[in-house]
Enquirer: 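Below you'll find the structure I mean.
Note on naming: letters A, B, ... go to the chains in the order of the sequence lines (proteins, then strands), and numbering restarts at 1 for each one.
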Protein chains: 2
Amino acid sequence: MEMTKKKEIKTDLSTEEKIKEAARKVFTQKGYAATRTRDIAEEAGINLALLNYYFRSKEKLFELVIMEKMHLLLGKIAPILMDEETSIEQKVEQVAAHYIDTLLANPDIPLFVLGEIKNNPDKFANLISTKTKIVDSAFFRQLGERRPDVNPLHFIFNMLGLIVFPFIGKPLLQLITGVSSEEVIVIMNERKKLTKIWFKAMLEAE
Amino acid sequence: MEMTKKKEIKTDLSTEEKIKEAARKVFTQKGYAATRTRDIAEEAGINLALLNYYFRSKEKLFELVIMEKMHLLLGKIAPILMDEETSIEQKVEQVAAHYIDTLLANPDIPLFVLGEIKNNPDKFANLISTKTKIVDSAFFRQLGERRPDVNPLHFIFNMLGLIVFPFIGKPLLQLITGVSSEEVIVIMNERKKLTKIWFKAMLEAE
DNA sequence: CTTTATTTTAATCAAATGATTAAAAGATTT
DNA sequence: AAATCTTTTAATCATTTGATTAAAATAAAG
């Protein structure tokens with residue numbers, strides 16, 4: 001099992017990694033329920049039985065993928081929000097830049113992760129609440145200091161809404177505006193700088 | 001088939017309506033792929049075969065439900081955005097108030113509709129592009145006049161992000177903040193007024 | 001009341017789907 | 001080269017699932 005890694009480093013991926021890679025693609029694209037293990041096997045170019053040989057079940061393979069994507073979505077953001085040295089605006093700028101780049105490369109993730117969380121909130125309860133305590137973050141405290149009259153959660157929603165929603169609403173927006181995928185990508189990139197400006201304006205709004 | 005309606009007016013819903021109502025609930029909650037026709041039958045308290053007797057198939061029943069929810073999500077918004085007499089701020093205020101009320105009553109709709117659109121964009125292509133031409137709306141034009149330097153699509157994303165995202169991100173936010181469902185509802189209601197203020201601030205931001 | 005049309009049910013089908021098994025193929029060790 | 005361990009395959013299972021059917025129950029019409 002260890003030996004294969006050696007061989008595959010030169011050529012292509014190991015069987016195990018091929019399956020994981022296919023699972024990432026199919027699961028994030030279609031969600032757990034709509035995914036057939038046969039789809040994954042075909043995408044990976046392997047026999048269906050191998051999937052159950054390496055990962056015991058569809059469920060197990062899925063947990064691997066969703067946890068991976070979850071960390072991709074939450075891992076980098078926590079340290080940014082915890083930083084006591086940076087201002088609110090700097091944090092928003094960093095989060096926006098990081099998120100938009102990540103989501104341009106993985107546009108299916110938000111709908112995938114948020115959808116699966118909604119279906120099964122309990123499964124993720126322990127994983128997150130311990131690590132990513134946003135309510136105890138410097139960001140949360142700074143927001144409360146700057147705008148004591150507004151619940152800081154509003155600004156959390158606002159930040160994520162400005163950054164993440166475009167990726168979730170993209171298919172609908174393309175439907176009702178007819179704008180091309182290329183144009184949307186341009187727009188997403190523009191938002192890396194604009195989000196900070198808008199957030200600052202909301203923070204100071206009366 | 002017409003006669004049943006008479007009877008059911010006094011007592012409860014007709015069989016057909018019971019199935020539709022159950023389908024609305026199960027489909028919006030779990031999505032098309034995760035929904036079993038048996039779930040719907042059980043929820044409706046009817047024999048499974050009746051589902052296929054009244055609606056030819058799962059697919060047909062689903063189309064009924066998704067189109068209904070789609071109109072709920074888009075129907076009222078179009079006339080607001082087309083109105084030549086109201087200002088940008090007034091439009092945003094109206095859209096926010098309407099949407100937040102609608103979504104408080106139907107919190108599953110955004111994730112449901114956006115998810116299914118992503119899975120099957122073609123299916124909805126004709127339905128929407130003809131009716132709801134946002135790019136030709138007064139709103140779109142007004143945005144272009146007020147901020148010629150910013151693509152109006154940004155502000156469409158911003159408005160929908162501020163209004164709709166909280167409902168999509170709610171499960172995740174509750175996970176990483178631990179706020180109660182009641183508190184979230186309070187917050188959603190606060191946003192009916194706040195969204196307009198924030199949007200105005202973004203519109204004037206430099 | 002009898003006949004006809006409509007609605008509902010139980011039983012069943014065929015296809016899809018997650019998973020397993022036994023054997024073959026390939027690699028590693030002795 | 002033989003023996004042992006690992007990986008892969010084809011065939012098959014058992015359930016699940018959308019859908020159908022023939023018959024029973026109920027309602028409407030004559």
Side-chain angles (χ1 to χ4, degrees), chain A residues 1-66 116 119-120 123, chain B residues 1-66 116 119-120 123:
Chain A
M1 205 202 276
E2 318 305 323
M3 290 299 99
T4 57
K5 283 173 189 168
K6 273 191 221 150
K7 187 187 67 186
E8 309 296 350
I9 284 167
K10 318 175 203 163
T11 61
D12 49 356
L13 302 114
S14 72
T15 303
E16 198 175 338
E17 198 51 48
K18 270 195 291 184
I19 298 172
K20 260 200 234 176
E21 194 54 41
R24 286 185 194 104
K25 179 173 173 181
V26 181
F27 274 137
T28 55
Q29 203 166 80
K30 319 213 291 179
Y32 180 81
T35 293
R36 311 289 104 132
T37 52
R38 282 167 174 80
D39 298 344
I40 297 175
E42 191 182 6
E43 176 73 32
I46 53 106
N47 187 295
L48 169 59
L50 275 181
L51 188 150
N52 293 287
Y53 174 74
Y54 282 103
F55 312 88
R56 280 177 38 82
S57 65
K58 177 187 180 185
E59 175 75 19
K60 285 272 197 303
L61 181 54
F62 173 74
E63 281 183 19
L64 225 74
V65 171
I66 184 101
E116 302 295 345
N119 290 347
N120 223 333
K123 177 178 285 179
Chain B
M1 207 203 272
E2 318 306 323
M3 289 299 98
T4 57
K5 282 173 190 169
K6 271 191 221 154
K7 186 187 69 184
E8 307 296 350
I9 284 168
K10 317 175 202 164
T11 61
D12 47 358
L13 303 111
S14 73
T15 303
E16 199 175 339
E17 198 51 48
K18 270 195 290 183
I19 298 173
K20 260 201 233 176
E21 193 57 39
R24 287 186 193 103
K25 179 174 173 180
V26 181
F27 274 136
T28 55
Q29 204 166 80
K30 320 215 292 181
Y32 179 81
T35 293
R36 312 292 139 209
T37 51
R38 282 166 175 80
D39 298 344
I40 297 175
E42 191 182 5
E43 175 73 33
I46 52 107
N47 187 294
L48 169 61
L50 273 181
L51 188 150
N52 293 287
Y53 174 75
Y54 281 104
F55 312 88
R56 279 177 40 81
S57 66
K58 178 188 179 186
E59 175 74 20
K60 284 272 197 305
L61 182 54
F62 173 74
E63 281 183 19
L64 225 74
V65 171
I66 185 98
E116 302 294 345
N119 290 347
N120 223 332
K123 179 180 284 179

Enquirer: Where do A/Leu48 and A/Ala41 come nearest, in terms of heavy atoms and distance?
Expert: CA-CB, 3.8 Å
Enquirer: Which listed nucleotide (C/dA19, D/dT7, D/dT21) is nearest to the side chain of A/Tyr53?
Expert: D/dT7
Enquirer: Can you tell me the distance, in whole Å, between the CG atom of A/Asn52 and the C1' atom of D/dA14?
Expert: 14 Å
Enquirer: So what does A/Leu51 hit on the nucleic acid, given a heavy-atom distance under 4.0 Å: a base, only sugar-phosphate, or nothing?
Expert: nothing
Enquirer: Measure CZ/B/Phe55 against P/D/dT20 and give the value in whole Å, please.
Expert: 15 Å
Enquirer: Can you work out whether B/Arg38 or B/Ile46 has the more 5'-proximal nearest nucleotide on DNA chain C?
Expert: B/Ile46
Enquirer: Tell me: CZ of B/Phe62 to C1' of D/dG18, nearest whole Å?
Expert: 16 Å
Enquirer: Taking 4.0 Å as the cut-off, does a side-chain nitrogen or oxygen of A/Thr15 come that near to OP1 or OP2 on D/dT8?
Expert: yes
Enquirer: Considering only side-chain heavy atoms of A/Ser57, which listed nucleotide, C/dA19, D/dT8, D/dA19, is closest?
Expert: C/dA19
Enquirer: Expressed in angstrom and rounded to an integer, what is the separation of A/Ile19 atom CD1 from D/dT7 atom P?
Expert: 11 Å
Enquirer: Side chain of A/Leu50 only, heavy atoms from C-beta on: which candidate in D/dT8, C/dA10, C/dA19 is closest?
Expert: D/dT8
Enquirer: Within this structure, what is the CG-OG1 distance for the pair A/Leu51 and A/Thr15, rounded to the nearest 0.5 Å?
Expert: 11.5 Å
Enquirer: How close or far is atom P of D/dT16 from atom CG of B/Leu48, stated in whole angstroms?
Expert: 15 Å
Enquirer: Output the rounded distance in Å from NZ (B/Lys18) to P (C/dT7).
Expert: 14 Å
Enquirer: Would you verify whether the NZ or CZ of B/Lys58 falls within 45 degrees of the ring axis of B/Phe27 while also being under 6.0 Å from that six-membered ring's centre?
Expert: no
Enquirer: Ignoring backbone atoms, establish whether B/Thr37 has a side-chain N or O less than 4.0 Å from OP1 or OP2 of D/dT17.
Expert: no
Enquirer: Could you state the CG-C1' distance from B/Asp39 to D/dT17, rounded to the nearest angstrom?
Expert: 10 Å
Enquirer: Under a 3.5 Å distance rule, please check whether B/Arg36 uses its side chain to pair with a backbone N or O of B/Ala33 as donor and acceptor.
Expert: yes
Enquirer: Calculate the interatomic distance between A/Glu42 atom CD and C/dA16 atom P; express it in whole Å.
Expert: 14 Å
Enquirer: Identify which nucleotide among D/dT9, C/dA10, C/dT6 has an atom closest to any side-chain atom of A/Asn47, counting heavy atoms from C-beta outward.
Expert: D/dT9
Enquirer: Backbone N or O of A/Tyr54 within a donor-acceptor pair of the A/Glu16 side chain at under 3.5 Å?
Expert: no
Enquirer: Between A/Arg36 and A/Ala49, which has a closest nucleotide on DNA chain C that is more 5'?
Expert: A/Arg36
Enquirer: State which of C/dT8, D/dA19, D/dT7 makes the closest approach to the side chain of B/Tyr54.
Expert: C/dT8
